[in-house]
Structures are given as C-alpha cells and as structure tokens.
Amino acid sequence: MEVKEYSGVLVFAEQNKNAIHKVAYELLGKGRELSEKLQCRLMAAVLGPDKTDVNELIYRGADTVYHVCDEKIFSVPDEIAYAGNLVKLIGELKPEICLFGATSFGRSVAPRVAAMLETGLTADCTDLKIDDDMKLVQIRPAFSENILAHIKSDNYPQMATVRYKEFEEASRDQSRTGEIIKLEAVLSSSNTVEVLEELSIEDINIADAHVVVSAGVAVKSAEDLKMINELADLLGGQVGASRALVETGLISKAHQVGYSGSRVKPTVYIACGISGAPQHLAGMKESDVIIAINNDPSAPIFNVADYSIVGDMYKIIPELIRAIKN
Ligand code: FAD
C-alpha cells in the first residue's frame, strides 16, 4: 500500500439527537497533537441531520468538517448505514488516521468500517503517539491492565477507538474558522434498525458527574445501598460501583466504574468498601480528590487515596451523613 496516498487525521464525531458526543472534543484535542506532528489536516466527520451543531467542531480545532446530512437515516443508530457512508467518505478523503470514541455506538460502527476497509483497528486505546517512522502507535492495556501494549498497524487508514474521558477536551476558541463541507448521504438506511421504544438509563451519567460515591462488594443488600445513595444525593453526586457489586445484581452495569465500565474524573471520588483492583483503579485514579473507606489498612485503594479512612463503612458513612446534614 502506498503510504503517501493517505494524509490527514479524521475524527468521527458521533451525534445523538443533533448533539455531538463530548468524546469528539477529546479526540480533536489528541487529533490536533497528532496532526501537528504529521503536519497534516485535522478533519471531523459528522453524520446527522442538517441542524447538528457542527460549528462546535471547528471551535474545538477541526480544520475541515465533513457533514453528511440526512434527517431520516441518521436519526436512528443504524450502524450499517453509518458504516457504509463513513467507508465512502474515508475512501474519498484517504486519511492516514481515523479515530472513533469507544462509546457503545462507536464500538459498534468502528469495527464494521475497519472490516469494510480491510484495515486494522485497535480498541480502547489509552494513548496515541507518532513514532519516528511517522506511524501511529496505539497504546492500550492488555492482560487485565498488567501491561501496556504498543500496537502499530501495517494497513491504512490506521484506526483506533478511544474511551470517553481518556484525553482532555480540546480547548474551545469561538474565533477559530474552518471549512464545513455538507454532503448528501450516499447510502440509504439498511432498514435493519427500528427504534420501538427509548428506555431511559435511569438518568445515570457517572462519566460526567462532579462527585461519585462508589460502593464495593462490602455492600451486602439493597438496604445497605441506601446509605451510599443518601451520601451521593447529599453531595449532589452519582452512585458508582465496582464490578463485583454489579455482578451481585444489586446495582446496574450503568454504575460500574473501571476498565470494563465507565471512566470517571470527578472532583471528589469516594470509594466505600472497594479493594482497589487495577481494573477499578483504571476507571477512577484520575479523579481530583480520592477518599477511600476500607476496614483493611493494606487495601490497594489506599495507594491512590488522598484521604484514607480505615474502618467499618457501616459506622463511618452514617457519621459522614450526619456531619453533612448538620
Ligand atoms: P473486593 O475486591 O472483594 O473488595 C471488597 C473490599 O471491601 C475489601 O477491600 C474489604 O476490605 C472491604 N470491606 C469489606 N467490608 C467492609 C466494611 N464493613 N467496611 C469497609 N470496607 C469493607 N472491577 C471493577 O470495579 N471495574 C471494572 O471495570 C472491572 N473490569 C474488569 C475487567 C476484567 C477483564 C477483569 C478480569 C476484572 C475486572 N474487574 C473490574 C474486577 C476486579 O478485578 C475486582 O474483582 C473488583 O474490582 C473487586 O471489587 P470490590 O473492590 O468491590 O471487591
């Protein structure tokens, strides 16, 4: 494959009901760094209705935004239609790097695009770099976070998905200008997706919460979980959970913090009865202030905690609630 054919960094900016997912701004931040090193254009691709606010992508650093417009096709998460239209666009633009957010939708579209383009895809990258050969180094944890694999792709475009909250958002500059190119969707709906009903995920958005109070498997019943909910409510925060607690069925997966759950970066993270396994730490260690409550002084969570409270959470949490109420 002739490498020179490919140039530019393309970010897939996912939209839902015309709103761009914030992971796109994080990808543009990293994309800018990569494009400066490669001395190439930073582009964004949006597939969505006409009224999607694509200017924001220019303010966040895109030089060119390709807006494939269609009111109907992109109003449902039809991966096959998205992938087909993206493959057509990528085939014309020939970017050397394509970045997707590892959201549930991004995780579903990106592999389809990679397979149709017969190129590789590295999922859930935690960092991206350009090496001396000007190739993309895709860094991601492997073997349950015990090693960091550095992966390079032989084919072009080099494709990666990156989890939400992994990179800083690109700063916003409303005076930035760029080019917005509107395109018509070339491939119609696959008719394989029909939205019958939208279920709310209980308004849970731990990834964006400023305060997260998380519970581990030390919580034994729904009744015990009430004190965690109360503490989170009092602090205006959301409830998180370790995977071990999710697996008991006491709380839904939407609350899971960690490697296979959500990545959070709140101002305050309170870990209650969580041991601090590497897979849990992977999702919360970037929090500004970490408070850990655990009755085992040797629990690894204390290695990342700013404030360590050694003791029984069933005594400490009610005390904290009382103190806050007072
Ligand atoms: P435990 O490790 O059992 O810890 C419970 C803690 O509670 C202990 O430290 C104990 O001292 C303390 N405790 C008990 N009673 C009290 C009390 N009364 N007061 C105070 N403290 C008390 N885990 C995640 O969380 N998120 C992930 O995304 C995730 N992804 C994974 C992906 C893979 C591929 C694998 C292999 C594992 C993953 N795990 C994940 C699981 C992870 O390895 C741990 O098993 C899990 O995080 C442990 O949860 P825990 O801390 O609640 O339980």
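Atoms within each ligand, like the ligands themselves, are counted from 1 in listed order.
Near Gly216, meaning under 4.0 Å from one of its heavy atoms, ligand 1 places the atoms 52 (O). The contact set between ligand 1 and Tyr259, taken as ligand atoms under 4.0 Å from a residue heavy atom, comprises 27 (C), 28 (O), 32 (C). The Gly311 neighbourhood of ligand 1 comprises atoms 19 (N), 20 (C), with distances under 4.0 Å to a heavy atom of that residue. The distance from ligand 1 to the heavy atoms of Tyr314 drops below 4.0 Å at these ligand atoms: 18 (N). Close contacts of ligand 1 with Val257, meaning ligand atoms under 4.0 Å from a residue heavy atom, involve 24 (C), 25 (O), 26 (N), 27 (C), 28 (O). Set against the non-hydrogen atoms of Asp296, the atoms of ligand 1 under 4.0 Å away are 11 (O). Each of the following atoms of ligand 1 lies closer than 4.0 Å to a heavy atom of Gly261: 28 (O). Counting the atoms of ligand 1 from 1 in the order shown, those under 4.0 Å from a heavy atom of Ser260 are 27 (C), 28 (O), 29 (C), 30 (N), 31 (C), 32 (C).
The protein non-hydrogen atom at the shortest distance from atom 2 (O) of ligand 1 is Ser275 OG, 2.6 Å. For atom 11 (O) of ligand 1, the nearest non-hydrogen atom of the protein is Asn294 OD1, 2.7 Å. Atom 3 (O) of ligand 1 has its closest protein heavy atom at Val217 CG1, 3.4 Å. Nearest to atom 32 (C) of ligand 1 among the protein's heavy atoms is Arg243 NH1, 3.1 Å. Protein heavy atom nearest atom 7 (O) of ligand 1, with residue, atom name and distance: Gly273 O, 3.1 Å. Protein heavy atom in closest approach to atom 20 (C) of ligand 1: Asn295 N, 3.3 Å. In terms of protein heavy-atom proximity, atom 36 (C) of ligand 1 is closest to Ser144 OG, 3.8 Å. Protein heavy atom in closest approach to atom 48 (C) of ligand 1: Ala244 CB, 3.8 Å.
Taken from CD1 in Ile290 to OG in Ser308, the straight-line distance is 10.0 Å, to the nearest 0.5 Å. Atom NE2 of residue His21 and atom CG of residue Asn16 lie 9.0 Å apart, to the nearest 0.5 angstrom. Atoms CD1 and CD, on Ile20 and Glu56 in that order, are 8.5 Å from each other to the nearest 0.5 Å.
Atom 52 (O) of ligand 1 is approached by the protein to below 4.0 angstrom, counting heavy atoms only.
The aromatic rings of Phe100 and Phe12 sit tilted relative to each other, their planes meeting at an angle between 30° and 60°.
In this structure, of Gln279, Lys253, His280, Met313, the residue bringing a heavy atom nearest to atom 39 (N) of ligand 1 is Gln279. With atom 50 (P) of ligand 1 as the reference point, the heavy atom nearest to it among Gly283, Ser242, Ala218 is part of Ser242.
Looking at ligand 1, you won't find any N or O of Ala241 less than 3.5 Å from one of its N or O atoms.
Heavy atoms of Cys272 stay at 4.0 angstrom or farther from ligand 1. The shortest separation from a heavy atom of Asp312 to ligand 1 is under 4.0 Å, placing the residue in contact.
Contacts between Ala277 and ligand 1 below 4.0 angstrom, taking non-hydrogen atoms only, involve the side chain exclusively.
Between Arg140 and Glu166 there is no salt bridge, since none of the side-chain N atoms of the basic residue sits less than 4.0 Å from a carboxylate O of the acidic one. Ion pairing between a basic and an acidic side chain is recognised when a charged N comes within 4.0 Å of a carboxylate O; Asp288 and Lys265 show no such pairing. Under the 4.0 Å criterion applied to side-chain N and carboxylate O atoms, Arg243 and Glu247 are assigned as salt-bridge partners. Under the 4.0 Å criterion applied to side-chain N and carboxylate O atoms, Lys37 and Asp131 are not assigned as salt-bridge partners. Under 4.0 Å is where a charged nitrogen must lie from a carboxylate oxygen, and between Lys88 and Glu92 at least one such pair does.
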Check step by step if side chain to side chain contact (heavy atoms under 4.5 Å, CB included) holds for Val65 and Met43.
-> CA-CA 6 Å; Val65 176; Met43 304 169 278; over 6 Å; no
Candidate pair Leu136 and Ile130, rule side chain to side chain contact (heavy atoms under 4.5 Å, CB included), full reasoning = CA-CA 5 Å; Leu136 181 68; Ile130 303 294; 4.1 Å; yes
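Within the 3.5 Å criterion, the main-chain N or O of Val239 finds a donor-acceptor partner in the side chain of His255. Judged by distance alone, the side chain of Thr119 and the main-chain N or O of Pro157 form a donor-acceptor pair under 3.5 Å. A donor-acceptor distance shorter than 3.5 angstrom exists from the side chain of Arg60 to the backbone of Ala170, with no hydrogens or angles considered.
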